[in-house]
Student: 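If you scroll down you'll find the structure; I have some questions about it.
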Amino acid sequence: MSSSELKNDRFLRALLKQPVDTTPVWIMRQAGRYLPEYRETRARAGSFMDLCENPDLACEVTLQPLERYDLDAAILFSDILTIPDAMGLGLYFSEGEGPKFKTPVRDIGAIRNLPTPDPEQELRYVMDAVRVIRRELNGRVPLIGFSGSPWTLATYMVEGGTTKDFGKIKGMMYDAPAALQLLLEKLADSVSSYLNAQIAAGAQAVMVFDTWGGVLSPEKYQEFSLAYMQRIVSGLTRHSEGRQVPVTLFTKGGGQWLELMAETGCDALGLDWTQDIADARQRVGNKVALQGNMDPCVLYASPEIIREEVKKVLHGYGKGTGHVFNLGHGIHQHINPDNVSVLVDAVHDYSSKA
């Protein structure tokens, strides 16, 4: 399909700071547990990873929110831990406890032995999902590909799962920085080839999720997170199918580093809800587009309140292009799906340039 056949490209245009008729909107984790149809497909799949690894089912859940809502982008249904899983760490999920690895990496010997996965071999199921989704979207809206950031992937790989204090990974960072740097280099190279393979398979924009960058001090953030995201941005395919492929960086809790993030050469920055979008726009100027940033908990409120909060975010960003509306993090599991319709319609109604 040629780029001219994309029926709705306002998401891509906004990321590149081009004029749009109305502010585009999509929602992090828009394909997920808050939707009854997702829970039904997930039950049919048998397990979360079975769902991720079945391209047809991954496509099904990717498209489910688009059937319900007037969203301006689809995002590949996958998990951020596919790369470490493909490196042989044995990813599994414990009910109610999140992801875990059977064999965490804790020393330089284990890190040296990690393979760099081939995206069309060990991660072929992801690329097949991208291809199936692009075919089924048929130019309706653009498809976003994504990866976790090297620092975020490393936290799970070293800790062996989720953590509250980041003791093992930060212990390595302070006590064995060369080991952690080797791990982050391997991950940066793996993420670059993974995202480039997604682009080759049909992803029209990509996003790097740095979920845990915000737990670092300013000095360590630059050295152990941002430097490796910069390396990824520098190595990405930026044109495909006759179009520019925009890249968005999102560090949760990273508001203090927006200027540094904007220097990486990315096209857009994701903002969490703890940041003021007007302040963020002033700080980054015309350098990058901004994505965000309503508190996901607003979706527990009444439709009237949701509309007011949408207005506040749109007003905060102000006039001009370069804004993609989103939540400041992933949508919560227990919200009423009808409230998402209120949000999406409010964004389009209040921002319409017609």
Side-chain angles (χ1 to χ4, degrees), residues 28-29 32-33 47-49 52-53 78-117 122-123 126 146-192 194-195 207-229 231-232 249-254 257 270 272 274 329-330 332-333:
M28 288 187 272
R29 294 202 197 117
R33 295 177 295 179
S47 75
F48 176 74
M49 282 311 288
C52 289
E53 291 174 5
S78 187
D79 191 76
I80 65 165
L81 298 178
T82 50
I83 288 174
D85 182 44
M87 288 176 158
L89 270 60
L91 177 64
Y92 68 101
F93 290 83
S94 296
E95 197 58 47
E97 289 185 51
K100 293 188 172 183
F101 285 113
K102 289 179 187 137
T103 51
V105 289
R106 303 264 164 84
D107 59 62
I108 197 155
I111 291 165
R112 282 200 186 106
N113 288 331
L114 287 173
T116 302
E122 294 88 346
L123 290 160
V126 179
F146 74 93
S147 174
S149 72
W151 165 258
T152 293
L153 299 179
T155 63
Y156 288 100
M157 293 169 74
V158 174
E159 296 286 344
T162 50
T163 174
K164 285 196 166 66
D165 62 10
F166 299 88
K168 294 183 177 70
I169 182 102
K170 285 192 174 186
M172 182 185 283
M173 178 177 76
Y174 285 110
D175 205 42
L180 182 52
Q181 282 159 343
L182 178 62
L183 176 56
L184 293 167
E185 281 168 21
K186 283 195 170 198
L187 286 168
D189 292 345
S190 296
V191 169
S192 297
Y194 182 57
L195 289 176
M207 185 161 169
V208 179
F209 286 91
D210 186 32
T211 313
W212 300 122
V215 306
L216 292 165
S217 69
E219 177 201 2
K220 297 303 184 192
Y221 174 74
Q222 290 183 59
E223 186 180 352
F224 289 93
S225 183
L226 190 63
Y228 296 95
M229 289 199 288
R231 184 163 161 164
I232 290 161
L249 300 183
F250 174 57
T251 293
K252 186 167 182 271
W257 304 307
D272 68 30
T274 65
H329 201 239
H332 291 190
Q333 178 181 354

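Since this is a predicted model, take the numbers as computed values, not measurements.
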Student: Name the one of L183, L187, L216 that satisfies side-chain contact (heavy atoms from CB on, under 4.5 Å) with W151?
Tutor: L216
Student: Verify, without hydrogens or angle tests, whether D210 (side chain) and S149 (backbone) share a donor-acceptor contact under 3.5 angstrom.
Tutor: no
Student: Judged by atom type as modelled, is there a donor-acceptor pair below 3.5 Å linking the side chain of D272 to the main-chain atoms of K252?
Tutor: no
Student: Who passes ring pair (Phe, Tyr, Trp, His ring centres under 6.0 Å) against F101, sequence neighbours left out?
Tutor: none
Student: Where is the tightest heavy-atom contact between I83 and P117, given as atom of each residue plus distance?
Tutor: O-CG, 4.0 Å
Student: Is there a side-chain contact between K170 and D165 in this structure, where contact means two heavy atoms from C-beta onward sitting under 4.5 Å apart?
Tutor: no
Student: Listing request: all salt bridge (Lys or Arg N to Asp or Glu O under 4.0 Å) pairs with a residue in residues 180-192, at least two apart in sequence or in separate chains.
Tutor: D189-R231
Student: Search all heavy atoms of S190 against all heavy atoms of M87 and return the closest pair with its distance.
Tutor: OG-CE, 3.5 Å
Student: Run the side-chain donor-acceptor check on residues 174-182: report pairs under 3.5 Å with partners two or more places apart or on a different chain.
Tutor:
from	atom 1	to	atom 2	distance (Å)
Q181	NE2	E223	OE2	3.2

Student: Would you name the heavy atoms of A154 and L184 that are closest together and state the gap between them?
Tutor: CB-CD2, 3.9 Å
Student: With sequence neighbours left out, what residues match Y221 under ring pair (Phe, Tyr, Trp, His ring centres under 6.0 Å)?
Tutor: W257
Student: Closest heavy-atom contact between V105 and A110?
Tutor: CG1-CB, 4.0 Å
Student: Can you name the residues that form a ring pair (Phe, Tyr, Trp, His ring centres under 6.0 Å) with F93, not counting sequence neighbours?
Tutor: F48
Student: List for me each residue that meets side-chain contact (heavy atoms from CB on, under 4.5 Å) alongside E159, sequence neighbours excluded, and say none if there are none.
Tutor: T163, F166, K168, I169
